[in-house]
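Working notes, beginning with the structure itself.
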Amino acid sequence: MDMAAFDLFLWVMSAVALAVFVALYFVKAGYGIFRTPSWGVSVDNRWAWMLMECPVFAVMFVLWARSGVGFAMPQFLFFLLFQLHYFQRAFVFPFLLKGRSRMPVAIMVMGMVFNVLNGLMQGGGLFWFGRAAWEEGASCLLAPHAIAGLALFAVGMGINLHSDHVIRNLRKPGDTKHYLPQKGMYRYVTSANYFGELLEWTGFAILTASPAAWVFVWWTAANLVPRADAIHRRYCEEFGREAVGRRKRIIPFVY
């Protein structure tokens, strides 16, 4: 694939993300609190998350190994940060889940397809079609945008991990009720875990200054913002607007 073909790939992915963004305001992705029998056959949530997330981890590893980049900075740091997120997401997060939730196979397969494409997109952006500034080596990591991006990535990951911890501990063993999360960033938004993930990948895009990373930010928003809206509406219906209060959906004080 040459640069022109890769750029076309990014434009197509961006256009598909727009379609997904619009569609998800009308169709709720059927996992978590929105799972219904109409989505068909389902599998255990733990295995579904692992199978859905591990392809991007594998694709990125193969592309890094074949690229010849090796341990050259800054690409190797970018690779490590990306893999750190997906190692946690594919091989740690699923097995921390409690309860007996299930995920529709259709959702899992769609996630797998996206993750393969995203692995190709991020691997291409980092290892084959990178910025000329990266030729400066590790010194480019001292640029203000790189420092700010790395800080945002770390803060976003911290918020995401803490928010997942809060959700996992809302229920006691055997309890199946729904609860309104109220700790950490959940004091400001009803989807704090999504806010953390969006912040994390925005930081990654600022750090790398890679067009592919910015397309991934757009995809993250296209997927999570409509779902955060649906969750906010569900909480208002289930617990009442007074209980939800002035919390926003996904971005504190904004939306």
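Just so it is clear, the structure is predicted and the values come from calculations on it, not from any experiment.
Classified by interplanar angle (parallel below 30°, tilted 30° to 60°, perpendicular above 60°), the ring pair F87/F91 is tilted. In this structure, F216 and W201 have tilted ring planes: the angle between them lies in the 30° to 60° band. Using bins of under 30°, 30° to 60° and over 60° for the plane-to-plane angle, the ring pair W47/F95 lands in the perpendicular bin.
T208 OG1 to Q122 CD: the interatomic distance, rounded to the nearest 0.5 Å, is 7.5 Å. Taking CZ from R168 and CZ from F93, the interatomic distance works out to 7.0 Å, rounded to the nearest 0.5 Å. Note that CZ of F204 is 7.5 Å distant from OG of S210, once rounded to the nearest 0.5 Å. One finds the CD atom of Q88 at 9.5 Å from the CD atom of E53 (value rounded to the nearest 0.5 Å). Rounding to the nearest 0.5 angstrom, the gap separating the CD1 atom in I250 from the CZ atom in R227 is 11.5 Å.
Heavy atoms only, all atoms of each residue included: G119 and M60 are closest at O-SD, 3.7 Å. When every heavy atom of I231 is checked against every heavy atom of T190, the shortest pair comes out as CG2-O, 4.2 Å. Across all their heavy atoms, H145 and A209 have their closest contact at NE2-CB, 4.4 Å. When all heavy atoms are compared, the tightest approach of M121 to A212 is O-CB, 3.4 Å. Closest non-hydrogen pair, A221 versus F21, comes out as O-CD1, 4.2 Å. The minimum heavy-atom distance between M52 and I107, with the atom names listed, is SD-O, 4.0 Å.
Annotation: salt bridge (charged side-chain N to carboxylate O under 4.0 Å, His left out) contacts of D164 (sequence neighbours excluded): R89. With sequence neighbours left out, the ring-ring contact (aromatic ring centres under 6.0 Å, His included) criterion links Y255 to no other residue.
The backbone N or O of P94 sits nowhere less than 3.5 Å from a side-chain atom of W49 that would complete a donor-acceptor pair. The closest donor-acceptor contact from the side chain of N193 to the backbone of N160 lies at 3.5 Å or more, if one exists at all. Under a 3.5 Å cut-off, the side chain of H232 and the backbone N or O of R247 do form a donor-acceptor pair.
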Residues W219, V20; criterion side chain to side chain contact (heavy atoms under 4.5 Å, CB included); working and verdict: CA-CA 9 Å; W219 257 99; V20 169; 3.7 Å; yes

Derivation of the side chain to side chain contact (heavy atoms under 4.5 Å, CB included) call for M112 and N115: CA-CA 5 Å; M112 292 172 70; N115 278 324; 5.8 Å; no

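Looking at L84 and M157, their side chains come closer than 4.5 Å, going by heavy atoms from C-beta outward. Considering only heavy atoms from C-beta on, M185 stays 4.5 Å or farther from H162 through its side chain. Looking only at side-chain heavy atoms (C-beta outward), W128 and F6 stay at 4.5 Å or farther from each other. Between K248 and Y188, the closest side-chain pair of non-hydrogen atoms is not below 4.5 Å.
Note on V155: it clusters hydrophobically with L161, by side-chain heavy-atom contacts below 4.5 Å among ILVMFWY residues. One hydrophobic cluster, built from ILVMFWY side chains closer than 4.5 Å, holds both F253 and I159. Linking ILVMFWY side-chain heavy atoms closer than 4.5 Å, directly or via other members, places W11 and W214 in two distinct hydrophobic clusters. Residues L77 and I147 are members of separate hydrophobic clusters, defined by side-chain heavy-atom contacts under 4.5 angstrom among Ile, Leu, Val, Met, Phe, Trp and Tyr. In the hydrophobic cluster analysis, where Ile, Leu, Val, Met, Phe, Trp and Tyr join through side-chain heavy atoms closer than 4.5 angstrom, Y186 is grouped apart from L170.
Heavy-atom neighbours of F129 CZ from other residues, nucleotides or ligands within 6.0 Å: above the threshold of 12.
Checked against the 6.0 Å centroid threshold, F78 and W134 count as a close aromatic pair.
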Using residues 62-76 as the side-chain source, report each donor-acceptor pair under 3.5 Å to any protein atom, sequence neighbours left out, with the distance given to one decimal.
{"residue": "W64", "atom": "NE1", "partner": "G70", "partner atom": "O", "Å": "2.8"}
{"residue": "S67", "atom": "OG", "partner": "W64", "partner atom": "O", "Å": "2.8"}
{"residue": "S67", "atom": "OG", "partner": "V69", "partner atom": "N", "Å": "3.1"}

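Of the candidates L207, T202, L81, F153 forms a side-chain contact (heavy atoms from CB on, under 4.5 Å) with just one, namely L81.
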